[in-house]
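Naming convention: chains lettered A, B, ... in sequence-line order (proteins, then strands); numbering from 1 in each chain. Note that the structure is a prediction, hence the values are computed from the model and not measured.
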Amino acid sequence: MIDKIKSEWKDCVSKALEKYIGSDDFPEPGMGVPPKPEMGDIAFPMFAYAKIKGMNPVKIANEVCELISSSVHPAGTLSTAGAYLNVKIDSSSLFSELANTIIGQGDSYGKNSSLEGKKVMLEFSCPNTNKPLHLGHMRNDSLGESVAAILKANGADVMKVNLINNRGVHICKSMLAYKEFANGETPESTGEKGDHFVGRYYVRFANWSKEVEARIKELEDKGCKEEAEKLKADSPDAKAQRMLKAWEDGDDEVLALWRMMNKWTLDGLEQSYKDMGISFDRYYYESDTYKFGKSEVLKGLEQGVFFREKDGSVQIDLADIGLDKKVLLRKDGTTIYITQDLGTAIRRHEDWPFDSMIYVVASEQAYHFKVLFHILKKLGYGWAEGLHHLSYGMVNLPEGKMKSREGTVVDADDLLAELSSLAKEEIISKGREALVGDVEECSRKIALAALNYYLLQVSPSRDMIFDPKKSISFSGNTGPYLEYMGARISSILKKACEEGLSITSDVDGRLLSNEDEEHLILLLSSYPALVKQAAEGYDPSVITSFLYDVAKTFSHYYHDNQILKADTPDLVSARLCLCRVVLQVLKNGFALVGIPFLESM
RNA sequence: GAGACCAUAGCUCAGCUGGAUAGAGCAUCAGUUUGCGGAACUGAGGGUCGGAGGUUCGAAUCCUCUUGGUCUCGCCA
């Protein structure tokens with residue numbers, strides 16, 4: 001609706017300029033937004049025409065303004081400010097139509113069909129089965145889940161997939177430590193969450209390995225070369241390598257242990273996903289795809305896309321994209337990371353022929369994806385053109401980077417629990433337990449809002465600093481602030497119902513004529529275009545900043561204007577209707593960025 | 001050495017398809033409740049947009065160079 005008005009005005013200005021300049025050979029008028037709302041809603045700078053006419057741009061603005069004003073033009077008021085031609089849209093006259101649209105479409109307001117019929121596969125999270133999720137995964141998961149929601153809102157058919165990294169020598173490490181030290185304990189027997197249980201053994205392995213390394217060095221220093229060699233041959237790392245071999249050879253005992261521990265971790269991860277409101281449509285496991293990747297590489301070798309090095313390894317020469325050679329199969333024929341990813345990509349396209357596939361993966365893997373996409377194209381897969389790496393920066397702590405060795409990794413479950421308990425304290429200190437009903441559930445939803453909003457409001461490409469203690473405050477520009485606005489509006493609407501007022505869209509929109517009201521109307525009507533924009537850039541921050549803008553404006557409005565006790569019944573109705581549509585749009589936006597809506601908090 | 005990404009207020013971040021006086025939040029200081037939720041609202045101080053050139057009527061935004069940071073360039077994943 002607002003787009004239509006804008007383009008009408010653009011045409012109008014364009015036509016006026018044509019008349020004024022006396023030819024149609026001039027640049028299209030640029031459109032912007034004036035710095036202050038009272039100056040208008042659309043701005044047309046006239047600088048570009050100064051040169052053509054050889055005239056002062058301020059004069060041009062004034063004369064074009066007169067030209068338009070004196071003839072038929074779209075609804076709105078023209079004014080000039082320096083070299084700018086500003087249009088003030090009569091937004092209150094838009095309100096009736098806007099309110100009808102929003103109320104009529106409800107949860108669908110903002111959705112569009114620009115990606116109708118497009119199949120988009122979205123890969124994110126991709127944990128390994130050695131350890132629980134940490135803060136880095138949370139950024140990944142927030143982004144993945146949000147981009148999926150945004151693409152869906154644009155009509156795309158989205159398939160969310162997770163690739164579980166459940167094979168390799170690192171997996172052997174936790175298994176080995178378990179075998180060595182567990183004495184048969186299980187997550188059930190210790191009451192631990194499965195992923196944390198397995199993670200503990202992974203850490204145990206690292207310490208064990210370090211101890212043995214130290215002992216080897218000690219022996220070497222003492223000159224006991226033989227004993228040192230003996231210990232080295234039987235070191236934890238050597239054992240892990242042997243276990244990997246046994247595993248790939250199909251050793252029953254190793255496989256049984258792997259299945260058991262793998263399940264423990266996956267059950268734990270599943271619980272975390274559930275807590276974080278994350279879900280997947282399909283899981284892929286590296287254990288299933290690596291062999292397929294190998295056969296694809298061998299096929300490519302036959303086609304001459306790859307070559308076999310003298311030592312027997314299979315490689316590709318990437319000179320055509322300015323890169324070096326890259327190994328695809330080791331000389332012993334075993335696969336590496338990229339081999340598996342090749343197999344996984346091809347298998348996925350067979351399973352579900354997507355138009356595009358987005359990998360949500362940290363920016364440190366940019367090289368990997370560049371090579372991967374290139375190889376798939378070389379193999380002749382046309383769909384490889386639709387592959388995209390949505391790269392995001394690291395999450396660092398105020399003290400610096402997270403390091404598992406130094407124990408500074410922020411655990412996802414712990415963080416969520418900490419945030420929930422902060423929220424709970426807040427609820428209790430305000431004495432709102434009775435109001436919110438299920439305190440635990442409400443706290444969790446506040447924690448999720450805080451987390452998702454914080455993670456999504458930063459541009460994906462940037463590294464970010466996350467201070468678990470300070471960065472997530474519940475006041476200011478935060479997820480809980482947005483939830484709070486939702487709760488307050490809900491509360492007003494509830495009160496209105498209790499007072500027997502009906503909330504309809506059949507109101508006189510012209511009564512909504514103060515600055516905040518006009519601003520809100522324009523904001524709400526711009527929402528559908530932003531949903532589209534967010535999808536084009538795979539960028540949830542478009543939505544988060546919009547939501548903040550709406551909440552902030554409403555907050556100000558609400559503070560300065562009475563709603564239920566407005567001067568006349570008609571004004572009460574109009575304002576209630578405004579509340580209702582603001583709430584609806586907030587809710588719709590929340591759904592795109594992982595902010596749970598709360599009626600009370 | 002090569003490439004990618006980043007640099008904006010004390011801190012955390014917006015703004016970047018070129019437009020008017022560069023914006024939020026936190027922190028600091030000062031205010032606002034006889035009103036529907038104070039997790040709120042208002043105001044103040046705080047900036048040579050890393051630096052230097054260039055393009056342009058106009059540059060935080062585009063180009064070049066430069067400085068600093070992070071990451072990558074594994075037969076690890």
5' priority, RNA chain B, between A:Ile446 and A:Ile465 [closest heavy atom]: A:Ile465

Would you indicate whether the side-chain heavy atoms of A:Val550 and A:Val582 approach each other to under 4.5 Å? yes

Give every donor-acceptor pair under 3.5 Å between a side-chain atom in residues 33-50 of chain A and any protein atom, sequence neighbours left out.
from	atom 1	to	atom 2	distance (Å)
A:Asp41	OD2	A:Ile89	N	2.8
A:Tyr49	OH	A:Pro27	O	2.8
A:Tyr49	OH	A:Glu28	O	3.4

Between A:His134 and A:His137, is the ring centroid distance below 6.0 Å? yes

Expressed as a whole number of Å, how far does the P atom of B:C6 sit from that of B:U61? 14 Å

For nucleotides 72-77 of chain B, 5' to 3', base contacts (B), sugar-phosphate-only contacts (S) and non-contacts (-) with protein non-hydrogen atoms under 4.0 Å give SS-BSB

Is the closest basic N to carboxylate O distance between A:Glu536 and A:Lys532 below 4.0 Å? no

Are A:Phe373 and A:Tyr359 an aromatic pair by the rule of ring centers under 6.0 Å? yes

Nearest-neighbour nucleotide for the A:Tyr558 side chain, B:C36, B:G19, B:C41 considered: B:C36

When the P atoms of B:A20 and B:A59 are considered, how many whole Å apart are they? 11 Å

Please confirm whether the shortest side-chain N or O distance from A:Ser555 to OP1 or OP2 of B:C41 is below 4.0 Å. yes

Side-chain donor/acceptor pairs under 3.5 Å, residues 435-442 of chain A, sequence neighbours excluded:
from	atom 1	to	atom 2	distance (Å)
A:Asp438	OD1	A:Glu440	N	3.1
A:Asp438	OD1	A:Glu441	N	3.1
A:Glu440	OE2	A:Lys424	NZ	2.7

Each nucleotide N or O in nucleotides 14-18 of chain B that has a protein N or O under 3.5 Å away: list the pair and distance.
from	atom 1	to	atom 2	distance (Å)
B:A14	OP1	A:Ser459	N	2.3
B:A14	OP1	A:Ser459	OG	3.1
B:A14	OP2	A:Arg462	NE	3.4
B:A14	OP2	A:Arg462	NH1	3.0

With A:His368 via ring-ring contact (aromatic ring centres under 6.0 Å, His included) - residues at least two apart: A:Tyr337

Separation of the P atoms in B:G58 and B:G68, to the nearest angstrom: 32 Å

Just to verify, what does A:His388 make a ring-ring contact (aromatic ring centres under 6.0 Å, His included) with, not counting sequence neighbours? A:Tyr538

Heavy atoms of other groups near A:Glu599 CD, more than 12 under 6.0 Å: no

Positions of residues 567-574 of chain A (non-hydrogen atom under 4.0 Å from RNA chain B), listed by number: none

For A:Phe124, all residues meeting ring-ring contact (aromatic ring centres under 6.0 Å, His included), sequence neighbours excluded: A:Phe280

Using the P atom as the point on both nucleotides, what is the distance between B:A22 and B:G50, in whole Å? 15 Å

Using the six-membered ring wherever Trp is involved, compare the ring planes of A:Phe597 and A:Phe590 and label them parallel, tilted or perpendicular (cut-offs 30° and 60°). tilted

Protein and nucleotides 57-62 of chain B: nitrogen or oxygen contacts under 3.5 angstrom:
from	atom 1	to	atom 2	distance (Å)
B:C57	OP1	A:Lys51	NZ	2.4

Identify which one of A:Lys291, A:Arg242, A:Lys294, A:Arg167 satisfies the salt bridge (charged side-chain N to carboxylate O under 4.0 Å, His left out) criterion when paired with A:Glu248. A:Arg167

Among the candidates B:A39, B:G19, B:C13, find the nucleotide nearest to the side-chain atoms of A:Pro45. B:G19

Residue-phosphate contact under 4.0 Å: A:Lys552 side-chain N/O, B:A24 OP1/OP2: no

Answer yes if the ring centres of A:Tyr481 and A:Phe474 are under 6.0 angstrom apart, and no otherwise. no

Can you list every stem that RNA chain B is part of, counting only runs of 3 or more consecutive Watson-Crick or G-U wobble pairs with both distances under 3.5 Å? B:1-7 with B:67-73, B:10-13 with B:23-26, B:28-32 with B:40-44, B:50-54 with B:62-66

Residues of residues 473-486 of chain A with any non-hydrogen atom less than 4.0 angstrom from an atom of RNA chain B: list those, numerically ordered, please. A:Phe474, A:Ser475, A:Gly476, A:Asn477, A:Tyr481, A:Tyr484

With a 4.0 Å cut-off, would you call A:Lys331 and A:Glu309 a salt bridge? no

Which residues share a ring-ring contact (aromatic ring centres under 6.0 Å, His included) with A:Tyr202, sequence neighbours left out: none

Quantified in whole Å, what is the C1' atom distance between nucleotide B:A60 and nucleotide B:G15? 8 Å

